[in-house]
Visitor: 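A single structure is presented below for examination.
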Amino acid sequence: MQSAISLSLSSPSPIARSGVGSTSNACWPMPRSLRFCGLRREAFDSAASFDASSLRLARFNLQPKQSTLSKVSAVLKGNGAPSSSGFDYDLVIIGAGVGGHGAALHAVEKGLKTAIIEGDVVGGTCVNRGCVPSKALLAVSGRMRELQNEHHMNSLGLQVAAAGYNRQGVADHANNLASKIRSNLTNSMKALGVDILTGVGTILGPQKLKYGKGDSGDKTITAKDIIIATGSVPLVPKGIEVDGKTVITSDHALKLESVPDWIAIVGSGYIGLEFSDVYTALGSEVTFIEALDQLMPGFDPEIGKLAQRVLINPRKIDSYTGVFASKITPAKDGKPVQIELIDAKTKEPKDTLEVDAALIATGRAPFTKGLGLENINVQTQRGFVPVDERMRVIDANGKLVPHLYCIGDANGKMMLAHAASAQGISVVEQVTGKDHVLNHLSIPAACFTHPEISMVGLTEPQAREKAQKEGFEVSVTKTSFKANTKALAENEGEGMAKLIYRPDNGEILGVHIFGLHAADLIHEASNAIAMGTRIQDIKFAVHAHPTLSEVLDELFKSAKVKVSTSSAVAEPVPV
């Protein structure tokens, strides 16, 4: 699940970037290099062929030699050749979330004998308690919000009777989607021959670990390389009592067991914003409780200001800023939920709220207990496993632990599902002999409100701080959705795209979008950053008309770059 602060330029924070996909049986399954929320194509079609060669040939009605197909299938279904190094496996991954799943599938493609250990359920936070079920709820809230907007519908010439919803039906939609994706993830790994080992994984020493229930029945295995991919859990500050009914985390909220008349949301980052969208669309009143002096911390300030005007001000939402919820007591004995607020700076009592429910959306904490890190002299930092830019684990003496890596939320670099998947693939590239450093500044993030918010790279304050330290100039340009034909056709002209760049060489430092389908539009910018493409080159790209993509087309064309030709491609920036 996406989390609540922007990408840090220094050390990771335990409070994440707040917060934390339908299948059809098409004739031609999409290439499995495509992903949704970090999930590979196989997660959405359990019947899809895993034979890449036959897929490509079938597209053109070509028939390969039978021996070719047999060889490809043997490699994929055989889970790599038996390890020739004397280990049980070439690679063992602890955790079967999006990061572990992506790493496992890439490892099999590379010919590694691979196993994945899962102590809970396949799919981890993203599939079961994050990205997937939350998007199901947000799909419902988006439709409800549109149907309830009489002015919007009338402007399109439509008349709709009063819209309503079935709470259990909405909850079932989210749960069924999670179950489907979880099943397909499991089937995809089984189809490729990945060994799925059930139990808690514990590292016993270098290249040695065990899995099981933590009793005498545990099994010991060895691996040439090990990846920790254990993910995260909701972060609940001290003084807050969670009962799972009236005081809840995002894990509970996704089950939608009730829709309270009045709910307080502690934290106004990704998680809090998305749930405010869901609850207000379903009829709840929301009160935000934010420790910082402004709502939506971590977003680019200009985008945040516009988003607040659209997503918060017109809705049944009020807020407290600069305060901590020092104590929250669940509803009981006929009394409502009690929330005691204190000033974030002075710690003096501020106010007391009584609400029907409270959602704790203060981010996520790494799930790294019980890994046996003490057996290899590794000490966590605020729960996070310390790693270098190649995801290699660092011990208490500052030395690299050979053959041990940590990816995803557990290392705290960037708490996003697709970042975990990218890190896992990067590690597999390394263990198979190809050095690879992931550029985290090219990884996009999105908040799936209505309209959406997306971003990649640096915010304007971060870019100006970097420019001051390194001695270069920063320029900013913006375009509006109100000038986009497709947005106007949808009667969705509220929105803006913002480009932060270096005018001396055309380097893209950051792109931020608020508007219709912003989460889909951001990838042109993220890919440009990843490939080192400069503005003076991308401004010549052709975009179909009329499409929302022209918002970015106009954005890049409006930039004023002082050079007409590209300089060398930028090196990846490790975080």
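What you are looking at is a predicted structure, and each value in this text was computed from that prediction instead of being measured.
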Visitor: Quick check for you: to the nearest 0.5 Å, what is the distance between F288 atom CZ and T321 atom OG1?
Guide: 12.5 Å
Visitor: Any donor and acceptor pair, going by atom type alone, linking the side chain of Y165 with main-chain N or O of V170 inside 3.5 Å?
Guide: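 Looks like no, no N/O pair under 3.5 Å.
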Visitor: As an exercise, state the distance from CD1 of I116 to OG1 of T186, rounded to the nearest 0.5 Å.
Guide: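 Atom-to-atom, I116:CD1 and T186:OG1 are 9.5 Å apart.
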Visitor: Ignoring hydrogens and geometry, is there a side-chain-to-backbone donor-acceptor pair from E241 to T329 under 3.5 Å?
Guide: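 No, E241 side chain to T329 backbone: no donor-acceptor pair under 3.5 Å.
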Visitor: Rounded to the nearest 0.5 Å, what's the gap from CD1 on I181 to CG on N176? Could you check?
Guide: 11.5 Å
Visitor: Got C447 and S454 here, is their nearest side-chain heavy-atom distance under 4.5 Å?
Guide: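 Not in contact.
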Visitor: I'd like to know if the side chain of T280 and the backbone of S276 have a donor-acceptor N/O pair within less than 3.5 Å.
Guide: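 Present.
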Visitor: Do you know the tightest heavy-atom contact between I265 and F275?
Guide: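 For I265 versus F275, the nearest heavy atoms are CD1-C, 4.2 Å.
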Visitor: side-chain contact (heavy atoms from CB on, under 4.5 Å) between F324 and L341: does it pass, once the steps are laid out?
Guide: CA-CA 6 Å; F324 284 123; L341 303 178; over 6 Å; no
Visitor: From the options L306, T459, I522, select the one residue that forms a side-chain contact (heavy atoms from CB on, under 4.5 Å) with H512.
Guide: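 The residue from L306, T459, I522 that satisfies side-chain contact (heavy atoms from CB on, under 4.5 Å) with H512 turns out to be T459.
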Visitor: Which heavy atom of G493 sits nearest a heavy atom of K482, and at what distance?
Guide: O-CG, 3.0 Å
Visitor: Can you check whether R309 reaches P314 side chain to side chain, under 4.5 Å on heavy atoms?
Guide: no
Visitor: Please report the shortest heavy-atom distance between V456 and I529, naming the atom on each side.
Guide: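 Closest heavy-atom pair between V456 and I529: CG1-CD1, 3.9 Å.
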Visitor: If only atom types and distance count, is the side chain of N527 paired as donor or acceptor with the main-chain N or O of H523 below 3.5 Å?
Guide: yes
Visitor: Side chains of V286 and I312: closer than 4.5 Å at any heavy-atom pair?
Guide: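 The answer is no, as the side chains (C-beta and beyond) never meet within the 4.5 Å cut-off.
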Visitor: Side chains of V337 and V247: does their closest heavy-atom pair fall under 4.5 Å?
Guide: yes
Visitor: Of all heavy-atom pairs between E118 and G97, which one has the smallest distance, and what is that distance?
Guide: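 Nearest pair, atom of E118 first, then G97: OE1-N, 4.2 Å.
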Visitor: Taking G157's backbone N and O only, do any of them form a donor-acceptor pair with N154's side chain (distance below 3.5 Å, no angle check)?
Guide: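 Side chain of N154 to backbone of G157, a donor-acceptor pair under 3.5 Å: no, none is there.
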Visitor: Going by an N to O cut-off under 4.0 Å, is there a salt bridge joining E302 and K478?
Guide: yes
Visitor: Find out whether L438 and Q423 are in side-chain contact, i.e. whether some heavy atom of one side chain is under 4.5 Å from a heavy atom of the other.
Guide: yes
Visitor: Can you find a pair of side-chain heavy atoms, one from S250 and one from R364, that are under 4.5 Å apart?
Guide: yes
Visitor: Thinking salt bridges, do K498 and E460 make one under a 4.0 Å N-O criterion?
Guide: yes
Visitor: Looking at P366, is its backbone amide N or carbonyl O close enough to the side chain of D409 to form a donor-acceptor pair, meaning the two atoms are under 3.5 Å apart?
Guide: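 Such a contact is absent between D409 side chain and P366 backbone.
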Visitor: Would you check, one step at a time, whether the test side-chain contact (heavy atoms from CB on, under 4.5 Å) holds for T368 with T230?
Guide: CA-CA 7 Å; T368 53; T230 47; 4.2 Å; yes
Visitor: Would you say the side-chain atoms of N484 pair up with the backbone N or O of T547, donor to acceptor, closer than 3.5 Å?
Guide: yes
Visitor: So that I can tick it off, tell me whether D277 and R315 are bridged by a salt bridge, with the cut-off set at under 4.0 angstrom between side-chain N and carboxylate O.
Guide: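 A salt bridge links R315 with D277.
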Visitor: Salt bridge (charged side-chain N to carboxylate O under 4.0 Å, His left out), that's the test. Do E354 and K335 meet it? Break it down for me.
Guide: CA-CA 9 Å; E354 293 184 346; K335 295 181 179 180; over 6 Å; no
Visitor: Does H418 use its side chain to pair, donor to acceptor, with the backbone of P444 at less than 3.5 Å?
Guide: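 Present.
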Visitor: How far does CD1 of I317 sit from OG of S268, to the nearest 0.5 angstrom?
Guide: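 I317 atom CD1 to S268 atom OG measures 10.5 Å (nearest 0.5 Å).
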Visitor: Go through the steps for L138 and V278 under the test side-chain contact (heavy atoms from CB on, under 4.5 Å), then give the verdict.
Guide: CA-CA 6 Å; L138 285 160; V278 171; 3.7 Å; yes
Visitor: Can you give me the closest heavy-atom contact between A497 and L555, atom names plus distance?
Guide: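 Nearest heavy atoms, A497 then L555: O-CD1, 3.5 Å.
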Visitor: Is it the case that more than 12 heavy atoms not belonging to R143 sit under 6.0 Å from its CZ atom?
Guide: no
Visitor: Output yes when a side-chain donor or acceptor of H252 lies under 3.5 Å from a complementary backbone atom of T249, and no otherwise.
Guide: yes
Visitor: Closest heavy-atom contact between V236 and V242?
Guide: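 Taking V236 first and V242 second, the nearest heavy atoms are CG1-CG2, 3.9 Å.
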Visitor: To the nearest 0.5 Å, tell me how far Q308 CD sits from S319 OG.
Guide: 6.5 Å
Visitor: Has Q168 got more than 12 heavy atoms of other residues, nucleotides or ligands less than 6.0 Å from its CD?
Guide: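 Count over threshold, so yes.
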Visitor: Give a yes or no on whether the backbone of T449 and the side-chain of E452 come within a donor-acceptor separation of less than 3.5 Å.
Guide: no
Visitor: With side chains defined as the heavy atoms from C-beta onward, is the minimum distance between S284 and K316 less than 4.5 Å?
Guide: no
Visitor: Is the shortest distance from a Lys or Arg side-chain nitrogen in K350 or E340 to a carboxylate oxygen in the other one below 4.0 Å?
Guide: no
Visitor: Using side-chain contact (heavy atoms from CB on, under 4.5 Å), reason through L137 and L254 one step at a time and then give a plain yes or no.
Guide: CA-CA 8 Å; L137 295 183; L254 289 166; 4.0 Å; yes
Visitor: Quick one: does V476's side chain get under 4.5 Å of L499's, heavy atoms only?
Guide: no
Visitor: Return each pair, listed once, that meets side-chain hydrogen bond (donor to acceptor under 3.5 Å, both in side chains) where at least one residue sits in residues 257-266; pairs must be two or more places apart or across chains.
Guide: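 Pairs touching residues 257-266 that pass the test: K245-E257, W262-T287.
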Visitor: Scan side-chain atoms only and decide if H543 and E524 contain a donor-acceptor pair under the 3.5 Å cut-off.
Guide: yes
Visitor: Can you tell me how far apart CD (E146) and CG (L158) are? Round to the nearest 0.5 Å.
Guide: 8.5 Å
